Trainee: 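Questions regarding the structure given below will be posed in turn.
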Amino acid sequence: MRRLLIGLAAGAVFVAATACGSSDSSGSDGGKSSGGTTTVKAGVIPIVDLAPLYLGQSKGFYGKRGIKLSLTSAQGGAALVPGVVSGQFDFGFSNMTSLLVAQSKGVPVKAVANGAASTGKQGADFAALAVKKGSPLKSAKDVEGKKVAANTLNNICDTSVKESVRKDGGDPSKVEFVEMPFDQMPAALANGQVDAACVVEPALATIKSQGGTSIASLFVDVSPDLTVAMYFTSQQYAQKNPETLKKFQEATAESLAYADSHPDEAREIIATYTKIPKNLLETLTLPRWPAEPNRASIERLSELGVQDGLFKTAPDLDKLLP
């Protein structure tokens, strides 16, 4: 197990704590702090997908259920899996491919609540294969032999970009991926460090503000109704803390529904935990935040992971999904 966790953490950046609540351990359902409040440690990523969590925290959806969120930021979901399994975090937020990779390796993770979904609209999604202003690259096929930025290697960016290239008639095996955080991608594109980027909001809005464009809606190419990410925990935590898990799921469901129906408030909260300039908030393309994951789309991600060699053993979705 130790080797599995080291492998999953490879390439992950240092996980830096943010100033969002206490860092006290939540223990089990029996171990609560004064006033009947349980501190829940969650690993997150500074992207638009997380707006419901921050909005739910602000609106008191977690607090009224006795949950005090302590949020810690990382570069990507793959960096958070070892932290959740080791008990550093109680919950984490991860793209589905990271969770599929973990499950296929026997890592005891369990998805517990929906996270974010594609808009399903070509040219109008919150994720894109983006290029800088004046780039000669005009479609996904053009990234053959080019450098493409990805926040985590051998993950959802790889399979999504490769699927877009494949659908455009190109050879996905010829794409070279370069790992970097999303917020570094606009500068990397501008200075020619990479030719294109697998990028999500709010970094996508920054690229567009600099004259860059989207040449493919890669998540839509995988599946129009793609479940991109989910909240997860360890099987051990789920077994030991059923009541806290239930409250977290209920609060998250309320937060997802609120964010989905209050996009203006979602935009405002994004400015509090990302580096997006406030003047670009209105240009952000928000994901959808449905209550339930789309299993068929997750199955498609799994198929692509097998095809692209991310899994030695196909993941068991019945064990992974709620």
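Note that the structure is predicted; figures quoted are calculated from it, not measured.
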Trainee: Say whether, by atom type as modelled, one donor and one acceptor occur between the side chain of Thr227 and the main chain of Arg295 under 3.5 angstrom.
Mentor: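 Absent.
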
Trainee: With a 4.5 Å heavy-atom cut-off, do Gln193 and Met180 have their side chains touching?
Mentor: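 In contact.
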
Trainee: Taking the basic N atoms (NZ, or NE/NH1/NH2) and the acidic carboxylate oxygens, is any pair closer than 4.0 Å for Lys247 and Glu250?
Mentor: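 Here Lys247 does not pair with Glu250 in a salt bridge, since their nearest N and O are not under 4.0 Å apart.
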
Trainee: Any non-hydrogen side-chain atom of Ile207 less than 4.5 Å from a side-chain atom of Lys132?
Mentor: no

Trainee: Do the side chain of Asp308 and the main chain of Leu310 share a donor and acceptor less than 3.5 angstrom apart?
Mentor: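 Not confirmed, Asp308 side chain does not pair with Leu310 backbone.
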
Trainee: Here's a test for you: under side chain to side chain contact (heavy atoms under 4.5 Å, CB included), which of Phe61, Trp289, Tyr258 qualifies with Pro52?
Mentor: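 It is Trp289, the one option of Phe61, Trp289, Tyr258 that forms the side chain to side chain contact (heavy atoms under 4.5 Å, CB included) with Pro52.
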
Trainee: What closest approach, in Å, do Val109 and Ala102 show between heavy atoms, and which atom pair accounts for it?
Mentor: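 The pair with the smallest heavy-atom distance is CG2-CB, 4.0 Å.
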
Trainee: Under 6.0 Å from the CD atom of Glu292, do we count more than 12 heavy atoms belonging to anything else shown?
Mentor: no

Trainee: Under 4.5 Å between any side-chain heavy atoms of Pro202 and Leu280, yes or no?
Mentor: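 They are not in side-chain contact.
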
Trainee: Hey, which of Thr152, Val161, Asn151 is the one that makes side chain to side chain contact (heavy atoms under 4.5 Å, CB included) with Cys198?
Mentor: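 Exactly one option meets the side chain to side chain contact (heavy atoms under 4.5 Å, CB included) with Cys198, and it is Val161.
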
Trainee: Please report the shortest heavy-atom distance between Ile298 and Met230, naming the atom on each side.
Mentor: CD1-SD, 4.4 Å

Trainee: If only atom types and distance count, is the side chain of Arg166 paired as donor or acceptor with the main-chain N or O of Asp171 below 3.5 Å?
Mentor: no

Trainee: Do Val112 and Phe232 have side-chain heavy atoms sitting under 4.5 Å apart?
Mentor: no

Trainee: Give the intermediate values and the outcome of ring-ring contact (aromatic ring centres under 6.0 Å, His included) for residues Tyr54 and Tyr273.
Mentor: CA-CA 8 Å; Tyr54 286 90; Tyr273 67 91; 3.9 Å; yes

Trainee: Measuring from atom OG of Ser302 to atom CG of Leu99, what distance do you get when rounded to the nearest 0.5 angstrom?
Mentor: 12.0 Å

Trainee: Given Val48 and Val200, is the side-chain contact (heavy atoms from CB on, under 4.5 Å) satisfied, shown in steps?
Mentor: CA-CA 8 Å; Val48 294; Val200 299; 5.8 Å; no

Trainee: Please examine the side chains of Glu176 and Val148, heavy atoms only from C-beta on, and report whether any two atoms are closer than 4.5 Å.
Mentor: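 They are not in contact (no side-chain heavy atoms under 4.5 Å apart), so the answer is no.
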
Trainee: Which heavy atom of Ala271 sits nearest to which heavy atom of Ile276, and what is that distance?
Mentor: CA-CG2, 4.1 Å

Trainee: Counting only N and O atoms by type, is there a donor-acceptor contact under 3.5 Å from the side chain of Lys141 to the main-chain atoms of Lys138?
Mentor: no

Trainee: Starting at OG of Ser94, measure out to CG of Asp49 and round the result to the nearest 0.5 Å.
Mentor: 10.5 Å

Trainee: Is it true that Lys275 and Asp183 make a salt bridge, defined as a side-chain N closer than 4.0 Å to a carboxylate O?
Mentor: yes

Trainee: Other residues, nucleotides and ligands only: do more than 12 of their heavy atoms fall within 6.0 Å of NZ on Lys146?
Mentor: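 12 or below, so no.
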
Trainee: Between Glu163 and Arg300, is there a side-chain N and carboxylate O pair less than 4.0 Å apart?
Mentor: yes

Trainee: Determine, step by step, whether Thr252 and Tyr62 satisfy the side-chain hydrogen bond (donor to acceptor under 3.5 Å, both in side chains) criterion, reporting the C-alpha distance in whole Å, the side-chain angles of both residues, the deciding distance to 0.1 Å, and the verdict.
Mentor: CA-CA 8 Å; Thr252 302; Tyr62 293 90; 2.9 Å; yes

Trainee: What's the shortest heavy-atom distance between Thr206 and Ser209, and which atoms?
Mentor: O-OG, 2.6 Å

Trainee: Just verifying a value: how many Å separate Lys312 NZ and Lys105 NZ, rounded to the nearest 0.5 Å?
Mentor: 8.0 Å

Trainee: In Å and rounded to the nearest 0.5 Å, what is the CD to NZ distance from Gln57 to Lys68?
Mentor: 10.0 Å

Trainee: Are Val165 and Val220 in one and the same hydrophobic cluster, where Ile, Leu, Val, Met, Phe, Trp and Tyr link if side-chain heavy atoms are under 4.5 Å apart?
Mentor: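 No, Val165 does not connect to Val220 through the hydrophobic network.
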
Trainee: Looking at every non-hydrogen atom in both residues, tell me the closest pair between Ala150 and Phe177 and how far apart they are.
Mentor: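 Taking Ala150 first and Phe177 second, the nearest heavy atoms are CB-CD2, 4.2 Å.
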
Trainee: Tell me, with the steps shown, if Val228 and Ile156 meet side-chain contact (heavy atoms from CB on, under 4.5 Å).
Mentor: CA-CA 9 Å; Val228 177; Ile156 195 168; 4.2 Å; yes

Trainee: Quick one: CG on Leu100 to CD on Glu299, what's the gap to the nearest 0.5 Å?
Mentor: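 Reported value, rounded in 0.5 Å steps: 10.5 Å.
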
Trainee: Tell me, with the steps shown, if Leu286 and Phe126 meet side-chain contact (heavy atoms from CB on, under 4.5 Å).
Mentor: CA-CA 6 Å; Leu286 299 178; Phe126 76 102; over 6 Å; no

Trainee: Looking at Glu254 and Lys59, does any basic side-chain N land under 4.0 Å from a carboxylate oxygen?
Mentor: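 Lys59 and Glu254: not salt-bridged.
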
Trainee: Decide side-chain hydrogen bond (donor to acceptor under 3.5 Å, both in side chains) for Ser217 and Asp125; before the verdict, give the C-alpha distance in whole Å, the side-chain angles of both, and the deciding distance to 0.1 Å.
Mentor: CA-CA 6 Å; Ser217 295; Asp125 198 17; 5.7 Å; no

Trainee: Can you tell me if Gln122 has over 12 outside heavy atoms packed within less than 6.0 Å of its CD?
Mentor: yes

Trainee: Do Leu137 and Val143 have side chains that get closer than 4.5 Å, going by heavy atoms?
Mentor: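 Contact flag for Leu137/Val143 side chains = yes.
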
Trainee: Centre-to-centre under 6.0 Å for Phe91 and Phe248, is that the case here?
Mentor: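 Yes, they do, as the ring centres are separated by less than 6.0 Å.
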
Trainee: Measuring only between side-chain heavy atoms, which start at C-beta, is Leu301 closer than 4.5 Å to Val222?
Mentor: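 Yes; the side chains approach each other to less than 4.5 Å.
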
Trainee: Would you say Pro287 and Thr119 make side-chain contact, with heavy atoms under 4.5 Å?
Mentor: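 A side-chain contact under 4.5 Å is absent here.
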
Trainee: Please determine whether side-chain contact (heavy atoms from CB on, under 4.5 Å) holds for the pair Leu71 and Lys41, giving the CA-CA distance in whole Å, both sets of side-chain angles, and the decisive distance to 0.1 Å.
Mentor: CA-CA 6 Å; Leu71 306 181; Lys41 299 172 294 182; over 6 Å; no

Trainee: Treating Asn241 as the side-chain partner and Tyr237 as the backbone partner, does any N or O pair qualify as donor plus acceptor under 3.5 Å?
Mentor: yes

Trainee: Can any side-chain N or O of Asn155 pair as donor or acceptor with the backbone N or O of Cys157 at less than 3.5 Å?
Mentor: no

Trainee: Testing the basics here: between Gly115 and Tyr231, what is the closest heavy-atom pair and its distance to 0.1 Å?
Mentor: CA-CE1, 3.9 Å

Trainee: Between the side chain of Gln103 and the main-chain N/O of Asp316, is any donor-acceptor distance below 3.5 Å?
Mentor: yes

Trainee: Does atom NZ of Lys133 have more than 12 heavy-atom neighbours from other groups under 6.0 Å away?
Mentor: no

Trainee: Is there a path of hydrophobic side-chain contacts, each under 4.5 Å between heavy atoms of I/L/V/M/F/W/Y residues, joining Leu69 to Leu80?
Mentor: yes

Trainee: Decide whether Val44 and Leu284 are clustered together by the hydrophobic rule: side chain heavy atoms of Ile, Leu, Val, Met, Phe, Trp, Tyr closer than 4.5 Å, transitively.
Mentor: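 Yes, same cluster.
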
Trainee: Nearest 0.5 Å, please: how far is CD1 in Ile45 from CG in Leu53?
Mentor: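 Interatomic distance, Leu53 CG to Ile45 CD1, rounded to 0.5 Å: 11.5 Å.
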
Trainee: Is there a donor-acceptor pair closer than 3.5 Å between any side-chain N or O of Asn191 and the backbone N or O of Ala187?
Mentor: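 Between the backbone of Ala187 and the side chain of Asn191 there is a qualifying donor-acceptor contact (under 3.5 Å).
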
Trainee: Measure from the side-chain N and O atoms of Glu201 to the backbone N and O of Thr285, and report whether any donor-acceptor pair falls under 3.5 Å.
Mentor: yes

Trainee: Under a 3.5 Å cutoff, is there a donor and acceptor pairing between the side chains of Ser223 and Asp225?
Mentor: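 No pair is found: no donor N or O on one side chain lies under 3.5 Å from an acceptor on the other.
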
Trainee: Tell me if a side-chain donor or acceptor on Asp142 pairs with a main-chain N or O of Ser139 at a distance below 3.5 Å.
Mentor: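 Indeed, once roles are kept as given, a pair shorter than 3.5 Å links the two residues.
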
